[in-house]
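Only one structure is covered here, and it is reproduced in the block below.
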Amino acid sequence: MTPDKTKIARQFIEALPHARALGLRLVAIGEGMAEIAMPWDPKLVGDPVTGVIAGGAVSALMDTCGGAAVLSHPVAPGGTATLDLRIDYMRPATPGQGILARAEVYHMTRSVAFVRATATDDDPARPVATATGAFTVEGIR
Amino acid sequence: MRRPKPEPVQVVKERRDRALAALVRGVPYIQFLGVSFDRRGDELTAVLPFDEKLIGNPLLPALHGGATAAFLEVTALIELAWSLLWEQMESGALDPAQLTPETMPRLPKTIDFTVDYLRSGLPRDAYARARVNRSGRRYASVHVEAWQDNRGRPIAQATGHFLMPARE
């Protein structure tokens, strides 16, 4: 994606109220791929004993990243909504570290986008979570 | 043989409410979302009061799919933790008066979570109820459903698998 388009996409995503509340930052976007970072924040902790980030916060990050990947696809959907999203939690995220999600559209039809996503903390070799989802594709027909 | 006199209703209610409050209060993310739990006996209904920060698309406006997923997951997790806590509390193995977020039994861990989005979430309060379909020694399967104005028109449902906390 051109720097201009990336800038517009960043402004759009970072302006979504829930994305703002989570502190999400768009790292990269283009051609059906998106990378979004969620900085560490104690208010997102799900297990008070271990300090591990709540699964729900990771789900929200994955969902946003999946949606952004769909919108960046070359067919240029006018809009998208999540149909389903499955998340596998491979290991607890390390307390104190931010989480980076990377989503890609691996198959696109006129009505559905199939998305895969991975979330990592500071150790990119061992993902924290993976996700697969189906998203609606609007405004093409 | 005479049955022991039942405890006064107020004592029972206070004990259960205190245990639930300690469970919910300990999780920062639940406070961040603003979720609270209504209790009727052992049945819980999670309430997500509408807030601007839950909006995904400001143009529609609609609840963020991520916020809906998070609400479902929190509800499933608390329902499962509550069912474990309930057993220990009612059997007398655990005294809710001594319960603080620090001394609370460990929470189950999410293994996987699958959300099925049915309708777009409107900018208003949402409710959810979870059902523990199977609760084993190591694993549990929990189903959860969220709705807004109309119980018969759910906005989303989900199934999750959880790893049970190790028992001492």
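Just so it is clear: chains get the letters A, B, ... in the order the sequence lines come, proteins before strands, and each one is counted from 1.
- Residue B/Val132 is grouped with residue B/Leu77 when hydrophobic side chains (ILVMFWY) are merged at heavy-atom distances under 4.5 angstrom, including chains of intermediate members.
- What you find for A/Gly55 and B/Glu73 is that their closest heavy atoms are CA-OE2, 3.4 Å.
- Ranking A/Leu22, A/Thr82, A/Thr132 against chain B, the residue ahead of the rest is A/Thr82, based on heavy-atom pairs under 4.5 Å.
- The hydrophobic cluster containing A/Leu100 does not contain A/Ile36, counting ILVMFWY residues as joined when their side-chain heavy atoms lie under 4.5 angstrom apart, directly or transitively.
- Here the side chains of A/Thr136 and B/Tyr117 are not in contact, with every heavy-atom distance at 4.5 Å or above.
- Heavy atoms of B/Leu72 lying under 4.5 Å from chain A are absent altogether.
- Between B/Leu63 and A/His18, the closest side-chain pair of non-hydrogen atoms is not below 4.5 Å.
- The CG atom of B/Leu118 sits 10.5 Å away from the CG atom of A/Asp84 when rounded to the nearest 0.5 Å.
- Taken to the nearest 0.5 Å, the OG1 atom of B/Thr114 stands 7.5 Å off from the CG atom of A/Asp88.
- The CG atom of B/Asp116 lies 13.5 Å from the CZ atom of A/Arg86; values are rounded to the nearest 0.5 Å.
- Side-chain contact between B/Leu107 and A/Pro48 is present, with heavy atoms from C-beta onward closer than 4.5 Å.
- In this structure, CZ in A/Arg20 is found 11.0 Å from CD in B/Glu52, a value given to the nearest 0.5 Å.
- Note: the hydrophobic cluster containing B/Trp86 also contains B/Phe37 (ILVMFWY, side chain heavy atoms under 4.5 Å, direct or indirect links).
- At a 4.5 Å heavy-atom cutoff, B/Val74 makes no contact with chain A through either its backbone or its side chain.
- No single ILVMFWY cluster, assembled from side-chain heavy atoms under 4.5 Å apart, contains both A/Leu85 and A/Val128.
- B/Ile111 touches chain A through its backbone: at least one of N, CA, C or O sits under 4.5 Å from a heavy atom, while the side chain does not.
- Heavy-atom neighbours of A/Lys7 NZ from other residues, nucleotides or ligands within 6.0 Å: at or below the threshold of 12.
- Counting heavy atoms from C-beta outward, B/Met104 and A/Val49 have side chains that stay 4.5 Å or more apart.
- Expressed to the nearest 0.5 Å, how far CZ of B/Arg106 lies from OG1 of A/Thr50 amounts to 6.0 Å.
- Neither the backbone nor the side chain of A/Ala81 comes within less than 4.5 Å of any heavy atom in chain B.
- The structure places CG of A/Leu16 at 7.0 Å from CG of B/Asn57, a figure rounded to the nearest 0.5 Å.
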